[in-house]
Amino acid sequence: MDLNRSLKEYFGYDGFKEGQKKLIEGILVGRDVLGIMPTGGGKSLCYQLPAAMLEGITLVISPLISLMKDQIDSLHEVGIEAAFINSTLSNREILDITEDIKRNRYRLLYVAPERLRTPMFTQLLNGLQVDMVAIDEAHCISQWGHDFRPSYLEIPRFIKGLKRRPVVSAFTATATREIVKEIKKLIGLREPVEVTTGFDRPNLYYSVVKKGDKFAYLLEYLRNNFQNESGIIYCATRKTVESLVLKLQGKGIDAVGYHGGMDVDERQSNQDDFIFERKRIIVATNAFGMGIDKPDVRFVIHYDMPKNMEAYYQEAGRAGRDGNPSDCILMYSPADVVKQKLIIQNENLSAEREEIFYRNLQILVNFCHTSDCLRGKILTYFGEEPESSNCRNCSNCLDESAPVDITLEAQKVLSCIYRAEQRYGINTIIEILRGSRNKKILEAGLDKLSTYGLMKEYSSHYVREIMMHLVAEGYIHVTTDQYPILKLPQRAREILKGETKIFYKGHLGGREEGHLKESHIFGENEEQEIDIALFEKLKALRYKIASEKNLPAYVIFHEAALKDMATYYPQKKEEFLKIKGVGEAKLESYGEVFLQEILAYCEENHIDAQDHRKEKKQVAAAEKGAGEGERYKQTYQYYLQGLSLKEIADKRGFTVNTIINHLYRSAEAGEQVDWSRFIGDSYREGMILEVIERLGTEKLKPIKEALPEDVSYEDIRILLCKYQLG
Ligand code: ADP
Ligand code: MG
Ligand code: ZN
């Protein structure tokens, strides 16, 4: 049995995410399994894929009936038949489904735990071959969790009552050890194959904001960030939800509310508006969110402080399931603490539990006041060791006014200079630290040094900044030779031995609010050059199909799939199948329409897909082989000869865009690039700049549209490069 083939066939993915394979293999050999993975970790696939392969039916226990339909629809789209039974169906419908179940039409059946108690249901199942019971959101069984559902406690008895004990698989994103222990005990898992993946979510930017006027801040944020994308705003009480929705609508912002006190229909319709992207923003209490699979939520804002760290991590974690950069913003004010304390008092808890609640609240208050790395605090809370004291992607690590401890990074740099026998200049040391495959490095055997690749997760800009700081502080000495060499003065030992700590004040790269992020210039992945115009067209097509079928857009294709299409211009069915997220069923349903759109676009714009792909492959090969340094250098040489971008592009066999990218990298590595040379006149430059400043840099399309037609995307990119560096 080839798991990878089944993965591609159904879900269209080329590889498994961390932990998935082990859990699926466990299930398929008949073991119980327990998967503890963060939100977005890909838990559903761990039971859906084996369910498609097993002979009998898989029963999925999931807490939220309001979301079952979406899950069934998503499965249908990938060619796996599934059904649900819950209270939203009429008796007639239930009977029909029951008949189909008996005919073995479905691979999965979704139910809420309450259903397990009904004798009719037990009877139905006992006439069937149940091969697996999959328990999603398994932490709902624990009283200590934030989503306790008493009827989850029915599960073990229900399983015991089955004629033959099926495989039991349980999944949760809970990171708290006590809860995990309780899950295992209460469900009665038998020696489960257990997988716990790391809980870090590197694509999430964490920020704590302390502002007197919260609403003004919120408005400012919403107007300047992710203007066309989805987000969740959490409030502590129903009252705040209602008043905030009105205030936002009053300011012309498209928001709906969601809380437990609402009429069920209204609540459902608001949730649908959000999921179907008819409304961009949902303002909600903590009643909203569990099981919401919307992958492209770009921000989660806590307008009030949540009640504890676990709740915060779960709620904030609903941003960025698809792995793209997203914001988690916690707005803190001392009044929130009072609010939360009142909520605790009103819950009629036992003295013991009340104390735990207060203690957990205090941990979160401390989190709001710390000047240490927020990501680090979260991970430490869940018993994980952060990789570095500076994550470069939280408000504390990027706070210019607060000094950052860079001792560890400094030690890496200094020991690299030492290991390289104090014989090289700054560029070579950076290349060693970042694990460059540059020929020069390899020929000199520098890849054999113990410090080789020690800082490969840092940008060269970042490493350079640290080195400059060390030079300025007198921990590195630079010789005055024609090719300056780095030497270690006596005092470098203090840092190497850990006797002195070193701090850095200022911006060290990574993400910074209000500034240009690299991803805006070259897309998420710097080598993935997305054709934005095509991407927008495909998005519109997706939206049209989704509306016709009454499905959420992401059920048709994820954004990542559209980006792949807008990068590789597939022309034939076989090529379309190579796109991430395209399996057999989606090829069948949508291949033709999307291919048509892509072909028409290529024709209209005289794009030779073959050439483009060749180049993209070339880039990929160059990336693996020659080492990036070489690639940029060649381009830079042509630049020095005074060639135009187009001329360089032709000579190098790359697009203009790639050439801009190369020059940008060269500039980043310290070379001089006169960007204005490519723009022509300063009037034009000023005009583009004005629009960029007015519209922000989140998206290039609105910028392009606000400018005269003869200003190209390339022109805008050039200015972005210049602006960031200059
Ligand atoms: P969880 O339930 O753990 O929060 P989901 O099951 O909703 O996560 O999956 C999160 C996202 O990851 C989904 O958009 C899903 O399509 C995607 N995904 C799952 N498995 C893979 C994989 N092997 N490769 C790429 N994407 C995947
Ligand atoms: Mg899930
Ligand atoms: Zn941090």
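Side-chain atoms are counted along with the backbone in the values below, which use heavy atoms only and exclude waters and symmetry mates. As the structure lists them, so they are numbered: ligands from 1, and atoms in each ligand from 1.
Listed by chain and residue number, the protein contacts of ligand 1 are Y13, G15, F16, K17, Q20, P38, T39, G40, G41, G42, K43, S44, L45, D293, R321, H558 (heavy atom within 4.0 angstrom).
For the pair R392 and Y458, the cation sits on the ring face: its NZ or CZ lies under 6.0 Å from the ring centre, inside 45° of the axis. In this structure, R149 fails the cation-pi test against Y152, since its NZ or CZ atom is not both closer than 6.0 Å to the six-membered ring centre and inside 45 degrees of the ring normal.
Between the side chain of T174 and the main chain of T176, no donor-acceptor pair closer than 3.5 Å is present.
Applying side chain to side chain donor-acceptor pair (under 3.5 Å) to R298 and the options N228, N225, D322, D327 leaves one that passes, D322.
Qualifying ring-ring contact (aromatic ring centres under 6.0 Å, His included) partners for F367, counting only residues two or more places apart in sequence or in other chains: Y312. With sequence neighbours left out, the ring-ring contact (aromatic ring centres under 6.0 Å, His included) criterion links Y590 to F557.
Legend: protein N/O/S atoms lying under 2.8 Å from the Zn ion (ligand 3), waters omitted, number 4.
Ring geometry for F274 against F288 counts as perpendicular: the plane angle is over 60°, on a 0 to 90° scale with 30° as the lower cut.
Salt-bridge check for K580 with D14: failed, with every basic side-chain N at 4.0 Å or more from each acidic carboxylate O. Looking at D136 and K43, no side-chain N of the basic residue comes within less than 4.0 Å of a carboxylate O on the acidic one, giving no salt bridge.
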